[in-house]
Structure formats: structure tokens, C-alpha cells
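Down below is the structure, laid out as C-alpha cells.
A, B, ... follow the sequence lines: proteins, then strands. Residue 1 opens every chain.
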There are 2 protein chains.
Amino acid sequence: MRALADRVGIRAASLYKHVPDKRALEVALITAGFAEQADAFESVGAGADALDRIGRAYRTWAVAHPHLYRLMTEGELPRADLPPGLEARASLPLVTAVGGDPVRARAAWAFAHGMTILEIDGRFPPDADLDAAWAAGVSAFRGGDPG
Amino acid sequence: MRALADRVGIRAASLYKHVPDKRALEVALITAGFAEQADAFESVGAGADALDRIGRAYRTWAVAHPHLYRLMTEGELPRADLPPGLEARASLPLVTAVGGDPVRARAAWAFAHGMTILEIDGRFPPDADLDAAWAAGVSAFRGGDPG
DNA sequence: GTCTATAGTGGGATAGAC
DNA sequence: GTCTATCCCACTATAGAC
């Protein structure tokens, strides 16, 4: 709260005239983040390479907002305090891109999140080719369902 | 440190007679964790379903040690303070299971980590079938490389 | 190797004047 | 809506007696 107040140019105590507590502020940020993500994913459109383009949009957005991405994906999601339908709206493009199967979409999301959070946390070896890893994952989830 | 001291039955200050600081303790825990993981992954053996069994071993171990798993995968990895070769030993079974391609192994690891950390953090919807999602991911990375 | 006591830091939040 | 002043708590770590 103090760091934020510094950025805004006021004292930390003054923030509590605008927001009840720290968590409410976080929820507002998370809400804005999901809305931005939804816009980004919807803008890639449909087509054969939709999954590839969603993957790129996912990574690009997260790397551009690493702290917000971490806030959005770590710990309990405050579903009750989020605008109804927002989470579904942000995830719909991916579900569509993998053919409508929510199970497959969940797996693809786990891959994307794993790649992203490991990159943000600097966990990959310095020489790792992350573009290639993303391509391998996207290609794995693009193919027909053999299972 | 106080919670640990309580568990051990001594005062927090006394811990510093055994370990220089908190980080050294964490590094010791991380080292033990990787050794345990390596044992678990090596014990699945080779074969056509090695990838499936490694996936199950990965998830089982992580869910059994959620706090240690988080400690091992969050933030910077203290590579310089880890026993040489330990990280490689823990990851070798996966690399072998995906056919020796480190890029493909990296993608499969990202999927496994994504599934795992999202499950530990309770981020999946309550009705999500995680067994099915794991199966979908494993099947995606088991198939031949079309990309 | 254990203890008590304490230093030092940081962070969330409130009270009340203006 | 901003400020100053302050409270309260949690936490890592050290000093020094035993």
C-alpha cells in the first residue's frame, strides 16, 4: 500500500478513503486484468492457427504484466467478487480454439500457464529456446485427439 | 522460523545454531525435495507408458508435499547451491520418456507444472475432471512430433 | 545447544485534524 | 480527500547468559 501511495503521490493512509482494504484493491486489479486478457484473446479471431495466436497473445500479455499476471493466477481466485461471466469470457477463445472440449482446453491452459509462470520466475535454463517449447506445446494440443 | 521451531520443540533463536539463516534451510529442503523427486521418477522405469507413469508420479509427489513443491518451483532456483547434477538427474526420466528431445521435455514439464500448481492453488473449477485433463495432456505429448 | 530479551524492518490499517 | 501520528502485528536475526 505504501509503494502504491508513493507512485500515486499521496500517503498510504489516504488510499483507505478510496478503497476499503488491500484485498479490494487487488480484486479490482484482477478484474481489470481478466478484461484485458479477454480483449486480447478475442482479438485473435478464428481460423486454423487460432490456437497458435492465442498462445502468443497469452505469453505476450503475461510478460508485459508479470506482477498482475502473478496476482491473477496465484492463490484463491475471488470468483464471488468478480463480474459474472468475466472468467468464462476470458477462457472462451481457448475452448473454441481447441475444438470445444473443456478438458482439452484445461490441459492447454495448464501448459500455457506453466510456460508463462516458469518464464516469469526465471526458472528455465538461460539457453532454453522458449519459442520452440511454445511451438511444441501448441502443436501437441492442436493435433487430433488420440486419447 | 517460529513455526518450524514450534514444530521441533525449541525456540526460534535456537535454530540459528544449526543453520546460518532461513535461506540455507530452504536450500536444504529444496535439495531433499529434488532427490526425492528423482527417486520417484526413476522408479517408474522405461516402457511405452513411461510418460503416463511419470505424470502420475509427478502429480502424486507434489500433492503429497504441496508446500515443498511450491518452495521448489517458485522464485529463483539456487542452482549454485544445489549438488551438481541433481537437477539434471531429476529431469532425465522425463527427457527420456518424450524421446530425448529437450524442447519437447520442456513443454511437457510446463504442462505438468501448470496442472500441478493450479491444482495446489485450488484454481480449477470444483467440477473439473483433473484426471481427464492429465490424460489429455499426456496423450498430447506422447504422440509423434508433427511440428 | 538451549534459553530470554531485544533489535530492526516492514506492512496493513485506524484516529483525528484540516 | 489529504495529511500526521500511531498502533499493531509478523517476521528474521543477533546478543549474551547458562
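- Separating the CG atom of A:Leu4 from the P atom of C:dA13 is a distance of 13 Å, rounded to the nearest angstrom.
- In the set D:dC11, D:dT14, D:dG1, the nucleotide with an atom closest to the side chain of B:Tyr16 is D:dT14.
- Summarising the geometry, the separation between CZ on B:Arg23 and P on D:dT12 is reported as 13 Å, rounded to the nearest angstrom.
- Remark: P of C:dT2 and CE of B:Met1 are 13 Å apart, rounded to the nearest angstrom.
- Comparing D:dA13, D:dG16, D:dT4 against the side chain of A:Ala13 picks out D:dT4 as the nearest.
- Whole-Å rounding puts the A:Leu15 CG to C:dG11 P distance at 14 Å.
- For A:Arg79, the CZ atom sits in a packed shell: over 12 heavy atoms of surrounding residues, nucleotides or ligands are nearer than 6.0 Å.
- Side-chain atoms of B:Arg53 and B:Arg56, non-hydrogen and from C-beta on, never get closer than 4.5 Å to each other.
- Comparing D:dA13, D:dT2, C:dG11 against the side chain of A:Arg2 picks out C:dG11 as the nearest.
- Between A:Ser14 and the phosphate of D:dC3, there is a side-chain N or O to OP1/OP2 separation shorter than 4.0 Å.
- Side-chain proximity of B:Arg11 to C:dG12, C:dC3, D:dC11: nearest is C:dC3.
- Between the side chain of B:Ser91 and the backbone N or O of B:Ala88 there is at least one donor-acceptor pair closer than 3.5 Å.
- One can place NZ of A:Lys22 at 9 Å from P of C:dG11, the figure rounded to the nearest angstrom.
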Exercise for the section: Apply side-chain hydrogen bond (donor to acceptor under 3.5 Å, both in side chains) to the pair B:Tyr58 and B:Trp109, showing each step before the final yes or no. Expected result: CA-CA 10 Å; B:Tyr58 193 97; B:Trp109 174 45; 3.2 Å; yes
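- Of the candidate nucleotides D:dT2, C:dG12, C:dT2, C:dT2 has the atom nearest to the side chain of B:Lys17.
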